[in-house]
Amino acid sequence: MAASATSWATRRGIGWWALAFWIFMLVLPLMGSAFPSESFDYYMFMGQSMMVYAIAVLGLNLLTGFNGQISLGHGAFFALGAYTAAILMIDFGWPYWATIPVVAIVCFGAGFLFGFPALKLESHYLALATFTLAIAVPQLLKHKSIAGWTGGVSGLVLEKPDPPFGLPISPDQFLFYFCLLMAMILFWAAFNLLRGRSGRAMMAIRDHGMAAGTMGIDTSLYKTITFGISALYTGIAGALSAITVAYVAPDSFALPLSIAFLVGLVVGGIGSLPGCLIGGAFLVLVQNWSQSLSDVLKETFSLQYDVPSWAIYGVLLLLLMYVMPTGIAGGVLRLRGAIAGRLRRVETVRSKPLVLQSEGEKH
Amino acid sequence: MELLLQQIASGLTSGAIYACVALGLVMIYVSTDHINFAQGEMAMFSTYIAWALIQAGVSYWVAFGATMVIAFAGGLLIQRFILKPLEHAPVLALVVCFIALLSIFNSMAGVIWSFTVKQFPSPFPKGDLTGAGLVSYHQIGVVGVTVVMLGLLTCFFRFTTLGLAMRAAAQNASSARLMGVRVSWMLALGWGMAAAIGAVAGMLVAPIVFLDPNMMTGILTYGFAAALVGGIGNPGGAVIGGFVVGVLENLVGTYIIGNELKLSFALVIIVGVLLLKPAGLFGRVNVKRV
């Protein structure tokens, strides 16, 4: 599994999914005039949330999928990014775009610092420490000593920015493209990071830390920096969410958010870049459909109360661990490999060229 | 002074509950080396079963016993059907599994019994010992039940063949298997017992914090802290850890940081113990063979 996971990062084969996603996102805001609909703004908001979640899941994937450090508390970094952006905009009057670099620095620093204790915690224990972090976040945000900045329980309300240079598009369309631009830059950067020497080092540490160390990789440095980069990605996603939703509240950053990121990671594919896009899209779709899904379930099983989206998350997580432990991205690749392998094997049986056979068995 | 005594008393009560949760965690950790993130939600779900039984007119102690049996069976089934196929899976897969169980139990409780807060009866008489509101009978009962449970567990592990077999399976699975211990069933037994202990914790805490699907989230965090303070492989340590964490939490909450930051205090304990003394107070230092 490790070998195939390594190659997903750079595998071209699944890249067309990603390409289709980006093209769809590029034209989505323009489709409003072609297909006028009352709920169009809502569709655009969904697309925008998909990108925000995809960035957050990418952050988690860099850490867990590519570096093997488990985090159940990435909601904390999402919250840090969101509040940093919100406070800079409200208390310091910064424009929304200027907050992004600051958020990046703050979240990288926080992640880097958290990475030091994480060095000493292995697998289960790291999961445990980050799990507790996720539970403690809302309490920390509500605390009265910082309530002057964070707005306490009620949170902060922001203003939506207007498009610059008098561009002839609506503020919503503009924000959408802003998110799209950020997402593309971040995914491109992650792609380059993983394709190169650092990416190989990260994955080597995941696959066998000690062996990686013997090969001359500074495992501590790479692990802490990966933690920082991961927090940076998730923090920027948080900032984008704060800017686009124009509202932050402490209780939206509780444990369910961190678990949602984990779900996105597992559904999309642990250790897959295009998988992050799938994971992000999936999270938004489930949130969107959870009410109607709940209604259907209620009717079929004649239940008395609503079925929360947690139930769907939980069942899916379990199922995926059995059926598709590598998520949708990995499942598709494997399915395609299986089909291709069978076709090739049929050919091989006919003509029996040995070279082809060994190539078919590579995966 | 009175405030201090009161805080220590209520610290011991919550400590007893953390100790129960920690005992469940230790049971699973000792037999399978896993940290069960769903321990709290399993306890919560069992408590709902007890509540439903009591609502149906069953007397408290019958419901108490029945719930323990149901929880035991449930834990056993979870190990057999959900975790056994993943025996050799990487840690991440298991963590994902536990998180899945956590979400499923939480939402199932909401689906079946709704998310509204419910009252749960206490088996102990109302009122308190000193007459000054210092120590209630329920508090004494909670501490008593925990101590009795620890005693029973210790006896079970020390004086019964089954207990010996379980210890053997945990310590050296392959040797135990050669001696005729059915290791895989011992793990299932560990899960069942953990679930039953969790059920007791849930039923003891519900009269204090009221019954709702999210009631165990914070308590589980303290349970983790307690298990780590005591050394996560040690049942006696877990109970002492529970009392230590319970009292500390109350004192620190009252005198130093205020009640709003109590959960963050658990985080500090967990990270602190893991960094400074990963073996806890009574645990053995783990040496890993490469």
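In this text, all values refer to a predicted model and were calculated from it rather than measured experimentally. All chains are named by letter (A, B, ...) in the order of the sequence lines, taking the proteins before the strands, and each is independently numbered beginning at 1.
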**Study point:** A/Tyr313 versus chain B, the contacting section by heavy-atom distance below 4.5 Å
**Key:** neither
Revision key, fill the gap. For B/Ile28 and B/Ala194 the tightest heavy-atom approach is CG1-CB, 3.4 Å
Practice item. Compute the ring centroids of B/Trp51 and B/Phe120, then answer whether they are less than 6.0 Å apart. Key: no
Exercise for review: Using non-hydrogen atoms and a 4.5 Å limit, figure out which bit of B/Ile112 sits close to chain A: side chain, backbone, both or neither.
Suggested key: backbone
Point to revise | For the student: nearest non-hydrogen atoms of B/Asn250 and B/Gly11, plus distance | key: ND2-CA, 3.1 Å
**Study point:** Test item: B/Tyr29 and B/His34 side chains (from C-beta on) under 4.5 Å apart, heavy atoms
**Key:** no
Exercise for review: Name the region of B/Leu83, side chain, backbone, both or neither, that has any atom closer than 4.5 Å to a heavy atom of chain A.
Suggested key: backbone
Review point. Under a 4.5 Å heavy-atom cut-off, does chain B meet the side chain of A/Leu318, its backbone, both or neither?
Key: both
Check your understanding: Where on B/Val95 is there a heavy atom nearer than 4.5 Å to chain A: the side chain, the backbone, both, or neither?
Key -> side chain
Revision key, fill the gap. Assert top hit (heavy-atom pairs under 4.5 Å, partner chain B, pool A/Leu140, A/Val315, A/Leu128, A/Ile70) equals A/Leu128
**Study point:** Interchain contact, B/Ile270 with chain A, by part (heavy-atom threshold 4.5 Å)
**Key:** side chain
Revision key, fill the gap. Whatever's closer than 4.5 Å to a heavy atom in chain B on A/Ile312 counts as neither
Exercise for review: Indicate, with yes or no, if the rings of A/Phe78 and A/Phe261 have centres closer together than 6.0 Å.
Suggested key: yes
Check your understanding: For the atom pair CZ (A/Phe131) and OG1 (B/Thr217), what is the distance rounded to the nearest 0.5 Å?
Key -> 7.5 Å
**Study point:** Which atoms of B/Phe115 approach chain A - backbone, side chain, both or neither, heavy atom under 4.5 Å
**Key:** side chain
Exercise for review: Verify the ring-centre separation between B/Trp113 and B/Phe45: is it less than 6.0 angstrom?
Suggested key: yes
Practice item. Among B/Thr221, B/Leu220, B/Ile99, single out the residue with the greatest number of heavy-atom pairs under 4.5 Å to chain A. Key: B/Ile99
Point to revise | Option in A/Leu255, A/Ile135, A/Thr64 with maximal non-hydrogen atom pairs under 4.5 Å from chain B | key: A/Ile135
Exercise for review: Consider only side-chain N and O atoms of A/Ser230 and A/His74, and report whether a donor and an acceptor are under 3.5 Å apart.
Suggested key: yes
**Study point:** Contacting region of B/Val271 [heavy-atom separation from chain A under 4.5 Å]
**Key:** side chain
